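All remarks here apply to the structure that follows.
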Amino acid sequence: MMLTQREREIVALLRRDPLAGPQEIADALGITRAAANVHLSNLGKKGAILGRGYILRQENAVVVIGGANIDIKVRSAAPIRRRTSNPGRSDTTSGGVGRNIAENLARLGTPTYLIAAVGRDAAGERLLGDTQAAGVRVDHVHRSSHPTGTYTAVLDADGDLVVAVADMAATDALAPEDLRHARELIGHASMLVLDGNLSPEALAYALDIARTHDVPVLVEPVSVPKAALLVPLLAHGWPIFAVTPNLDELKALVAGPVRADDDGLVRAAASLHERGVRHVWVRLGERGSLLSTRGEGHTFLAAPPAEVCDVTGAGDAMLAAFVHALLTGSEPVEAARYGHAAAALTVAGAATVRPDLTSRLIEDALNESPRRHT
């Protein structure tokens, strides 16, 4: 984070007195109140202070750039009958892969900043309000001329996803120029999380900033079509800290067939290591996951038992918990187990982001479940 001399002086004052107001800062430094307000605003944009009270920026902050939209979930009351009307119920919540990851991180106690695009509409206001209330910093969210995106998911009676339709025009239009004001924030992050909903241009721009400032980057492919768009970026040679595909997304990333047995998965992961990816975490649903680390081998992890109410949001919780655990000192395999526990807790409830998710809840779940891996 590049601060001016005056900004460093203000940060030093706030370390001594976090409740100092603009006038007190102005008096202490011999500047006008208006000038103090300008400096405080700039410090907020750079992520050095957090909101009212001028709380100083915390360590291990994560910047998430990705999708934010309204989730509309409809669930059939009985097994789905195609091409006809099915009785059931619906629910509307704030969602989006990037936004969900950010909320999960914030609920786990990680300082989190979201960069996304929402419309100048009531849905956008709701998204910002819900996300901020969960503890996520939304100062850098872009207000788009496009309507706020929607994600409509149809679930069967067992809670499994049947089909989903995403209207992500606002996210699709998020361009590099919309990210320029956040360069300092991204460059000072402890980790950058990118979701595959972003355009290749926006992804490349964010990756360039991260490479310049040596910020580790985790990429969530999101879907098979979006994963295919990541292939040229991987070929570009950017160092990627981790990618987190499911099996179908892994096939898209390697741009070829992948055998679903253990050897096939390991070979596919190795091909991504050759393109600069350090960790490949392949999520395999009920089978668990494969975590492969360049030069250090691989581990297959079993998924903990879970009663499934709704699978929506499980992957977002899994990824967020993985990042949180890494930043709090866990080794990658332990962080992956932590992620599995968060996913199991999430699918057990109806909410896309579990509102009572905490580190303690995950730790208790891990202590109750036997550790199994091969």
Side-chain angles (χ1 to χ4, degrees), residues 60 62 64 66 97-110 112 190-196 216-222 240-247 249-250 265 269 272 277-293 296-308 310-349 351-374:
N60 292 337
V62 175
V64 181
V97 172
R99 197 216 69 87
N100 290 345
I101 292 169
E103 181 176 341
N104 277 295
L105 279 164
R107 292 193 180 281
L108 291 173
T110 295
T112 306
S190 295
M191 186 169 292
L192 174 64
V193 176
L194 302 174
D195 90 35
V217 180
L218 185 149
V219 180
E220 161 54 37
V222 175
I240 305 293
F241 177 78
V243 294
T244 56
N246 62 25
L247 177 57
E249 292 160 0
L250 179 65
L265 294 169
L272 295 181
V277 181
R278 182 176 176 188
H279 300 287
V280 179
W281 190 22
V282 186
R283 294 174 290 189
L284 302 170
E286 294 180 356
R287 289 173 57 189
S289 68
L290 162 68
L291 179 65
S292 179
T293 300
E296 298 180 21
H298 63 272
T299 302
F300 284 92
L301 297 103
E307 293 186 10
V308 177
D310 185 341
V311 299
T312 311
D316 303 335
M318 193 169 174
L319 187 154
F322 177 68
V323 171
H324 172 79
L326 287 172
L327 293 179
T328 52
S330 295
E331 293 298 319
V333 171
E334 291 302 317
R337 288 195 181 97
Y338 196 84
H340 273 297
L345 288 166
T346 299
V347 300
T352 301
V353 177
R354 186 165 174 144
D356 63 343
L357 187 68
T358 61
S359 294
R360 179 62 181 271
L361 189 67
I362 295 176
E363 289 161 6
D364 288 346
L366 283 169
N367 289 334
E368 291 171 4
S369 298
R371 293 185 175 184
R372 298 171 295 158
H373 65 92
T374 59

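What you see is a predicted model, and the numbers here were worked out from it, not measured in a lab. The first residue in the sequence is number 1, and the count goes up from there.
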Which heavy atom of [X] sits nearest to which heavy atom of [Y], and what is that distance?
X    : Y    : answer
G98  : D195 : N-OD2, 2.9 Å
P304 : A344 : CG-CB, 3.9 Å
I362 : A341 : CG2-CB, 3.8 Å
S330 : E334 : CB-CB, 4.2 Å

Flag side-chain contact, heavy atom, 4.5 Å: [X] against [Y]:
X    : Y    : answer
L218 : L194 : no
H298 : L290 : yes
V243 : L272 : yes
L192 : P216 : no
V64  : L105 : yes
R99  : V353 : yes
L291 : V280 : no

Would you compute the distance between atom [atom1] of [X] and atom [atom2] of [Y] and round it to the nearest 0.5 angstrom?
X    : Y    : atom1 : atom2 : value
L108 : E103 : CG    : CD    : 10.5 Å
N104 : T112 : CG    : OG1   : 9.5 Å
N246 : S289 : CG    : OG    : 12.0 Å

Report, one line per pair, each donor and acceptor closer than 3.5 Å where one atom sits in a side chain of residues 317-329; sequence neighbours left out.
| residue | atom | partner | partner atom | Å |
| --- | --- | --- | --- | --- |
| H324 | ND1 | T110 | OG1 | 2.7 |
| H324 | NE2 | S359 | OG | 3.1 |
| T328 | OG1 | H324 | O | 2.9 |
| T328 | OG1 | A325 | O | 3.1 |

Tell me, with the steps shown, if Y338 and H340 meet ring-ring contact (aromatic ring centres under 6.0 Å, His included). CA-CA 5 Å; Y338 196 84; H340 273 297; over 10 Å; no

With a 3.5 Å distance limit and no angle check, can you tell me whether [X] reaches the backbone of [Y] through a side-chain donor-acceptor pair?
X    : Y    : answer
E331 : V333 : no
E368 : A365 : no
R283 : G288 : no
R354 : L345 : yes

Taking the basic N atoms (NZ, or NE/NH1/NH2) and the acidic carboxylate oxygens, is any pair closer than 4.0 Å for R360 and E363?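 Salt bridge: no.
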
Tell me, with the steps shown, if V97 and E220 meet side-chain contact (heavy atoms from CB on, under 4.5 Å). CA-CA 9 Å; V97 172; E220 161 54 37; 4.1 Å; yes

Restricting to side chain to side chain contact (heavy atoms under 4.5 Å, CB included), what partner residues turn up for E296, sequence neighbours left out?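 Once residues adjacent in sequence are excluded, the partners of E296 under the side chain to side chain contact (heavy atoms under 4.5 Å, CB included) criterion are R278, T293.
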
Under the side-chain contact (heavy atoms from CB on, under 4.5 Å) criterion, do F241 and V277 qualify, and how do the steps go? CA-CA 6 Å; F241 177 78; V277 181; over 6 Å; no

